[in-house]
Amino acid sequence: MGGRITGYTANLACGNYHSVIGYSKATGPAICVAILKAYKKCFQNLYYVEQLEDPAIALALAVQTTSRLYSTSAAISLNSQIAWYARAGQIENARRVFDEMGEKNIASWNAIIAGYFQNNQPREASLLFDKMPERNTVSWNGLISGYVKNGMVSEARKIFDMMSERNVISWTAMVRGYVQEGMIEEAESLFWQMPEKNVVSWTVMLGGLLQEGRVDDARRLFDMMPEKDVVARTNMIGGYCQQGRLAEAREIFDEMPHRNVITWTTMISGYAQNQHVDVARKLFEVMPEKNDVSWTAMLTGYAQCGRIDEALELFDAMPVKSIIACNEIILLLGQRGEVAKARQVFEQMKDKDDGIWSAMIKVYERKGFELEALSMFVRMQREGVGLNFSSSISILSVCASLASLDYGKQVHAQLVVSQFDHDVYVASVLTTMYVKCGDLVKAKQIFDRFSLKDVVMWNSMITGYAQHGLGDEALNIFHDMSSSGVPPDDVTFVGVLLACSYSGKVKQGIEFFESMKCKYQVEPAIEHYACMVDLLGRAGQLDEAMNLIESMPMEADAIIWGALLGACRIHMNLDLAEVAAQKLSQLEPKNSGPYVLLSCMYASRGRWGDAASVRKKIRARGVGKSPGCSWIEVEKKVHMFSCGGSEGHSEQPVIMKMLEKLGGLLREAGYCPDGSFVLHDVDEEEKTHSLGYHSEKLAVAYGLLKLPEGTPIRVMKNLRVCGDCHSAIKLIAKITGREVILRDANRFHHFKDGVCSCRDYW
DNA sequence: ATAGGGTTAG
């Protein structure tokens, strides 16, 4: 029987799985487990074999498959069952087997203790260790490695010192512990003290040096090794690859007597990560055996150098789609804007980790599918998936752009529980969220709690104050930032310039703009020019603004022309407005907004002929408003408005579909639209108002009028309020005597008694 | 089999 076990091991190592199965004629319980492992490798494209978490099911499968061929009966020992359950993360089941078993030997105790360590319960493990009737070296070593796994190196060292008889494994585990904590000197000194070393100990030390980036030291150690096996060589290859020293890596690779999957994968990923994807692909094609890790390595190689089509092709061909590969593909598809496809990959995954959820949410957030992102968040809550660092940041950004304070607070609460809120970056995003939702007090509270602020933190507060027109407060923060020693970056100056712009500090703004380059070494980017155009324009210096646009080192974009157009509206400069509107219509052919605005300007001057000719231009281009819908949130009740659709209601079904979808999302998100749903088809409105009303905004205004008296109106989706809508809301605020706070893409508008208090509204 | 080493991502 012993001989057969050796045969099995050798065959397993060489990948001759069918030979392994051939040995099962004379099988015992231990062998049966081995067969299963062989099966797992052999049938790796059978997903359920990979998924076996229950030894009972695994056993049934083994008996079924093997007995069909060789009439095998088998059992898995109770000790193995303990380990099996523990590996699968089912520590309760492991404990049940342990508690129910009649006679426990040392191995049973060792197994359950190791299980608790694996499942990150070091305290329970050490309690059990104290209760053990007798201990052997395996028990002591298990304790060392258990503590190391849980990052408790000093505890491990105590045990190590306490042991009366240490073997190579005890020493190696301890060295590994120091390596893991980056305590490389301690690791080295212990390593050289070892009374006896084997390949594994050498490899652990080698890995430690490589982890520190000391490749040449590692190579010296490597050359000193009395024997080198696959693992040691693979380790060395990986080290060279990480430094981009591919030639040296390849030399070791070529000289190796045996290579396994991991060796090949290491080499392939080395090439892929160093801009040699095609070389990697050639190796990938010839490698004798691939697993999902090799496929994933190849895939990420393509992904990282932007060869998306090849990455997708590889993904489709993958027999087992690893979580990592799915993650990569979801992000890639997202970048490409193929959001629905990304969602499909997401839904098809059998088990999702928290990273996958954040990837999907990130895609939605980046691509502007805010409601979908929120709906994913709600689904996460329902399925008990906690927020992690990345998903909480995405959700907070979504809350910020929807001005959804309710969800924002929910996320905040969870961040407090998980203590992620101690992180400066998270806190910065949190601050931004409160700012965008209009809660400046809360934002400032969070901001003040951090004594060590980073740039992002400073920026979010400066920009926050600036966006609310609190120029002096913003500049005060900038002043504090300067004295704190954190150097400002490009974002800081966007905030500073905005602050100057919104509070009319023209001279100061120009000074900041000039000093950012010479004093702070921040090169002005297009955003800064946009701020300056805005600043000069608002102040009525339209020619200066135009001169700046013409002298810019880069081509002006839609934001810049939009800023100029806005300024023209304030100061009624029709000539420049024509220029700006024309540029805008070139840059954004589908956006009819600029021409609508222009026609309004002519109309307000009584120049009906010009207004009509501009509207003709809009029609000639065939641009209608794209169908869309918008919602407002009033005391947890949702009011929805449809808008757009070209003339003749041709897109009405599309809109209705969108509304249905939106309604589903909102219902799922915990709103109760039934009974408080207001659907407005605004095309009707549009007919009665001959001039270019922005129907969506008008719908909102109309909706406000219909709200029950005394209803507090808090926050809206970020609408861009255009002139006509503005007067409508103003009028309604006067009629109803109700206070309305409305968030624009740029700032807050405050309507009371028919007066709007936002300073620089055009 | 119960203790020690290597590969894929944010």
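In what follows, chains are A, B, ... by sequence order, proteins preceding strands, each numbered from 1.
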Quiz prompt | Summary of side-chain hydrogen bond (donor to acceptor under 3.5 Å, both in side chains) pairs that have at least one residue in residues 112-134 of chain A, sequence neighbours excluded | solution = A/Arg95-A/Tyr116, A/Arg95-A/Glu124
Practice problem: From the options B/dT2, B/dG4, B/dG5, select the nucleotide whose nearest atom is closest to the side chain of A/Asp229. | Solution: B/dG5
Practice problem: Report which part of the nucleic acid A/Ala232 touches: base, sugar-phosphate, or nothing (heavy-atom distance under 4.0 Å, all strands). | Solution: base
Quiz item: Is it true that A/Asp223 and A/Arg219 have a side-chain N and a carboxylate O under 4.0 angstrom from each other?
Solution: yes
Quiz item: Do A/Lys104 and A/Asp99 meet the salt-bridge criterion of a basic N to acidic O distance under 4.0 Å?
Solution: no
Quiz prompt | Whole angstrom value for the distance that separates P of B/dT2 from CZ of A/Phe98 | solution = 14 Å
Quiz item: Looking at A/Arg214 and A/Glu212, does any basic side-chain N land under 4.0 Å from a carboxylate oxygen?
Solution: no
Exercise. Assign A/Thr234 to base, sugar-phosphate, or nothing according to its heavy-atom contacts below 4.0 angstrom with the strands shown.
Key: base
Quiz prompt | Nearest-nucleotide pick for A/Ile324, side chain only, options being B/dG5, B/dA1, B/dT8 | solution = B/dT8
Quiz item: Should A/Lys362 and A/Glu365 count as an ion pair when the cut-off is N to O under 4.0 Å?
Solution: no
Practice problem: Residues of residues 143-161 of chain A with any non-hydrogen atom less than 4.0 angstrom from an atom of DNA chain B: list those, numerically ordered, please. | Solution: A/Ser145, A/Lys149
Quiz prompt | Distance-only side-chain donor-acceptor flag, A/Tyr364 / A/Arg343, under 3.5 Å | solution = yes
Quiz item: Under 6.0 Å from the six-membered ring centre of A/Phe129 and within 45° of its axis: does the NZ or CZ of A/Arg135 meet both?
Solution: yes
Practice problem: Please work out if A/Ala107 contacts a base, only the sugar-phosphate, or nothing of the nucleic acid, heavy-atom cut-off 4.0 Å. | Solution: base
Quiz item: Is there a residue in residues 301-316 of chain A whose heavy atoms reach under 4.0 Å of DNA chain B, and which residues are they?
Solution: A/Gln304
Exercise. Using atom CG of A/Asn167 as one end and atom P of B/dG5 as the other, report the distance to the nearest whole Å.
Key: 14 Å
Quiz item: With a cut-off of 6.0 Å (strictly less than), are more than 12 heavy atoms of other residues, nucleotides or ligands near CZ of A/Arg366?
Solution: no
Quiz item: After noting the C-alpha distance and the side-chain angles of A/Asp216 and A/Arg220, does the key distance pass the salt bridge (Lys or Arg N to Asp or Glu O under 4.0 Å) rule?
Solution: CA-CA 6 Å; A/Asp216 295 314; A/Arg220 272 187 283 280; over 6 Å; no
Quiz prompt | Out of B/dG6, B/dG10, B/dT8, whichever nucleotide has its closest atom nearest the side chain of A/Glu328 | solution = B/dG10
Quiz item: A/Tyr178 OH to B/dG5 P: how many Å, rounded?
Solution: 17 Å
Practice problem: Can you figure out which of B/dT8, B/dG6, B/dA3 approaches the side chain of A/Ala114 most closely? | Solution: B/dA3
Quiz item: Which of these, A/Arg157, A/Lys158, A/Met152, sits in a side-chain contact (heavy atoms from CB on, under 4.5 Å) with A/Tyr147?
Solution: A/Met152
Practice problem: Indicate, with a heavy-atom threshold strictly under 4.0 Å, whether A/Gly207 touches base, sugar-phosphate, or nothing. | Solution: nothing
Quiz prompt | Nearest-neighbour nucleotide for the A/Val199 side chain, B/dG5, B/dA1, B/dT8 considered | solution = B/dG5
Quiz item: Would you call A/Glu347-A/Arg379 a salt bridge at under 4.0 Å N-O?
Solution: yes
Practice problem: Select one nucleotide: of B/dA9, B/dT7, B/dG4, the one nearest the side-chain heavy atoms of A/Thr172. | Solution: B/dG4
Exercise. Answer yes or no: does atom CD of A/Glu285 have more than 12 heavy-atom neighbours from other residues, nucleotides or ligands under 6.0 Å?
Key: yes
Exercise. Using a heavy-atom cut-off of under 4.0 Å over every strand shown, decide if A/Thr263 touches base, sugar-phosphate, or nothing.
Key: base
Practice problem: Would you indicate, yes or no, if B/dG5 has its OP1 or OP2 atom less than 4.0 angstrom from a side-chain nitrogen or oxygen of A/Arg176? | Solution: yes
Quiz item: Rounded to the nearest Å, what distance is computed from the CE atom of residue A/Met163 to the P atom of nucleotide B/dA3?
Solution: 14 Å
Practice problem: May I have the distance from A/Leu210 (atom CG) to B/dT7 (atom C1'), rounded to whole angstrom? | Solution: 14 Å
Quiz item: At under 4.0 Å between heavy atoms, what does A/Val293 touch on the DNA or RNA strands: base, sugar-phosphate, or nothing?
Solution: base
Exercise. Output yes when at least one side-chain N/O atom of A/Gln211 is less than 4.0 Å from OP1 or OP2 of B/dG6, else no.
Key: no
Quiz item: Whole Å only: how far is the CD atom of A/Gln180 from the P atom of B/dG5?
Solution: 9 Å
Quiz item: For A/Asn327, which contact category applies under a 4.0 Å heavy-atom criterion: base, sugar-phosphate, or nothing?
Solution: base
Quiz item: Between B/dT2, B/dT7, B/dG5, which one does the side chain of A/Val200 approach most closely?
Solution: B/dG5
Self-check item: Nucleotide of B/dT7, B/dG5, B/dA9 approaching A/Ile262 most closely (side-chain heavy atoms)
Solution: B/dT7
Quiz item: NZ of A/Lys228 versus P of B/dG6: gap in Å, rounded?
Solution: 19 Å
Quiz prompt | A/Ser201 side-chain proximity, nearest of B/dT7, B/dG6, B/dG4 | solution = B/dG4
Practice problem: Whole angstrom is fine here: how far is it from CG in A/Asn110 over to P in B/dA1? | Solution: 15 Å
Quiz item: Which part of the nucleic acid does A/Asn198 contact within heavy-atom distance under 4.0 Å: base, sugar-phosphate only, or nothing?
Solution: base
Quiz item: Just checking A/Gln273: base, sugar-phosphate only, or nothing, at a heavy-atom cut-off of under 4.0 Å?
Solution: sugar-phosphate
